[in-house]
Amino acid sequence: MKILKKKFTIYSPKKMKNKLVRIANDTNFFLRKFIKKQKRTELVRAMKYGLFPGGKKIRSKILLDIGDTFKIKYKTLIIIGAAVECIHAYSLIHDDLPCMDNDKLRRGKASTHIKFGESTAVLAGNSLLTMAFEILTSSSLDIKEKIKADLVQKLSESSGHLGIAGGQYLDLSFEKKKVSKHKIIDMEVKKTGKLFSFCCAVPVIIKRKNKKDIRIFEKIGANIGLLFQIADDLIDFKGSSKIAGKITGKDKKKGKATLISLLGYKNAIKYSNKIKSKIINDLKKYNLNTNNINESLDYILTRNK
Ligand code: GRG
């Protein structure tokens, strides 16, 4: 009898770390060159402080995972990822402000407003937001103008009141309130999921697929974001501030509405495993190779920072 051998790859944290380091180096190289070409201003120091060396670059990794299966050039994906990282850095600078989550530590160093003052941090954040769109519309990005316009439209939508800013508003307004699972998921999908949705939709937009396909990939991204946020909340619940590079144990003190506060630690882990299977199954329906995305999801679920 012929025994069928199932081919599956075992997650290697070391391999994943090396891939993230390469992505970070290439992204930061592009961003440094992009900023260098612009006229210097006083604000640039604070922008660079929030941007470099930067964090894990997991959003860019997801963009590359999906982009690779659609055979899109590495350089194109790195540049679009750089725009995403600008929006992400902006959201973290503003998230740490006294009027938001009031955090003094970020990425293992003093938050931007602690180092440069509040007004400079606000303006550095705003400048990183607009720089993301300068990057997407720049000549460095070798794609058709119409596609650039579609990407700008999608990224604006993901960042504004329907996306990150809207999610942050809900996060703050839910503090110390009893909130339903449905509302917590809606808040987390907006606050964290929308940027992942953008990353998953980019390759589909570039390949000019129809609106239905774009929506399906946005949904896959929303689930990746949800998974990422649950893992982030688990780190806040149990993780070490030293390893995470930010103060942990804050959600409970602030009365944040999270899936852990609602479902409990163990059920939140069970729920995240269910989401992971859904993401993989949804991608398999498209006959896509899921090895790289699987590795990213394992990283998201097992990370401690
Ligand atoms: C960005 C449009 C816009 C608005 C600002 C402040 C704010 C409104 C939104 C905050 C959104 C936010 C901070 C969501 C949390 C997402 C999250 C879990 C961030 C941590 O991401 P990591 O772990 O960070 O990938 P690193 O440091 O690794 O890059």
Side-chain angles (χ1 to χ4, degrees), residues 16-17 20-21 23-24 27-28 31 49-63 81-103 105-109 111-113 118 121-122 124-133 154-174 184 187-199 221-222 224-237 239 243-248 250-251 256 258-260 296 299-305:
M16 175 70 186
K17 195 175 165 220
L20 287 173
V21 168
I23 295 169
T27 308
N28 288 349
L31 284 169
Y49 181 83
L51 198 56
F52 301 126
K56 298 176 285 292
K57 305 284 187 285
I58 187 68
R59 291 157 190 79
S60 296
K61 169 74 166 65
I62 299 284
L63 176 56
V84 169
E85 296 296 340
C86 287
I87 303 261
H88 173 54
Y90 150 55
S91 79
L92 298 182
I93 294 173
H94 279 204
D95 189 48
D96 292 338
L97 289 170
C99 64
M100 300 271 176
D101 278 354
N102 195 15
D103 276 315
L105 189 69
R106 172 67 67 181
R107 292 172 164 171
K109 60 186 188 181
S111 305
T112 307
H113 69 277
E118 210 175 323
V122 169
N126 293 346
S127 306
L128 285 171
L129 169 71
T130 49
M131 205 170 84
F133 298 103
K154 223 10 128 190
L155 189 58
S156 324
E157 202 183 284
S158 313
S159 307
H161 70 108
L162 296 171
I164 311 174
Q168 177 75 353
Y169 173 82
L170 294 175
D171 177 286
L172 295 169
S173 63
F174 289 168
I184 295 178
M187 175 267 287
E188 298 196 335
V189 161
K190 284 185 175 132
K191 183 178 84 160
T192 310
K194 284 290 174 170
L195 215 43
F196 284 96
S197 286
F198 175 75
C199 293
I224 297 176
L226 188 56
L227 193 71
F228 188 86
Q229 188 58 56
I230 298 172
D232 211 65
D233 296 342
L234 291 170
I235 292 172
D236 181 84
F237 187 78
I243 297 175
K246 57 184 178 185
I247 311 292
T248 53
K250 296 171 314 183
D251 289 352
K256 287 277 186 196
T258 68
L259 286 173
I260 302 172
S296 298
Y299 170 82
I300 287 174
L301 283 174
T302 55
R303 73 199 174 93
N304 52 17
K305 62 184 256 184

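Values below: every heavy atom of this structure, side chains too, minus hydrogens, waters and symmetry copies. One-based numbering, in listed order, for ligands and for the atoms of each. Please read these numbers as outputs of a predicted model, since none were measured by experiment.
For K61 (side chain) and M16 (main-chain N/O), no donor-acceptor pair under 3.5 Å exists by modelled atom type. Proximity of a side-chain donor or acceptor of N28 to a complementary backbone N or O of P53 within less than 3.5 Å is detected. Side-chain atoms of D236 come within 3.5 Å of backbone atoms of D251 as a donor-acceptor pair (strictly under, hydrogens ignored). Side-chain atoms of R107 come within 3.5 Å of backbone N or O of G50 as a donor-acceptor pair. Side-chain atoms of S296 do not come within 3.5 Å of backbone N or O of I62 as any donor-acceptor pair. The backbone N or O of L195 lies less than 3.5 Å from no partner atom in the side chain of S158, so there is not a single donor-acceptor pair.
Ranking the protein heavy atoms by distance from atom 4 (C) of ligand 1 puts Y90 OH, 3.6 Å first. In this structure, the protein non-hydrogen atom closest to atom 27 (O) of ligand 1 is R107 NE, 2.8 Å. In terms of protein heavy-atom proximity, atom 2 (C) of ligand 1 is nearest to S159 O, 2.8 Å. Of the protein's non-hydrogen atoms, K191 CG, 3.9 Å is the one closest to atom 12 (C) of ligand 1. In terms of protein heavy-atom proximity, atom 22 (P) of ligand 1 is nearest to K56 NZ, 3.4 Å. Residue, atom and distance of the protein heavy atom nearest to atom 24 (O) of ligand 1 are H88 NE2, 3.3 Å. In terms of protein heavy-atom proximity, atom 10 (C) of ligand 1 is closest to Q168 OE1, 3.2 Å.
Between T192 atom OG1 and H88 atom NE2 the span is 9.5 Å, to the nearest 0.5 Å. Rounding to the nearest 0.5 Å gives a distance of 8.0 Å between OH of Y90 and CD1 of I164.
In this structure, Y169 has no ring pair (Phe, Tyr, Trp, His ring centres under 6.0 Å) partners at least two apart in sequence or on a different chain. With sequence neighbours left out, the ring pair (Phe, Tyr, Trp, His ring centres under 6.0 Å) criterion links H113 to no other residue.
Contacts between K57 and ligand 1, counted as non-hydrogen atom pairs separated by less than 4.0 Å, are absent for every part of the residue. Contact annotation for R59 and ligand 1: only side-chain heavy atoms (C-beta onward) come within less than 4.0 Å of the ligand. Here R106 has no heavy atoms under 4.0 Å from ligand 1, in either its backbone or its side chain. Contact annotation for T192 and ligand 1: only side-chain heavy atoms (C-beta onward) come within less than 4.0 Å of the ligand.
By heavy-atom distance, the residue among S91, C99, G108, A132 lying nearest atom 6 (C) of ligand 1 is S91. When the heavy atoms of I58, D95, I87 are ranked by distance to atom 13 (C) of ligand 1, first place goes to D95.
Using a 4.0 Å cut-off to heavy atoms of H94, the atoms of ligand 1 that qualify are 6 (C). Atoms of ligand 1 found under 4.0 Å from any heavy atom of D232 (numbered from 1 in listed order, with element): 18 (C).
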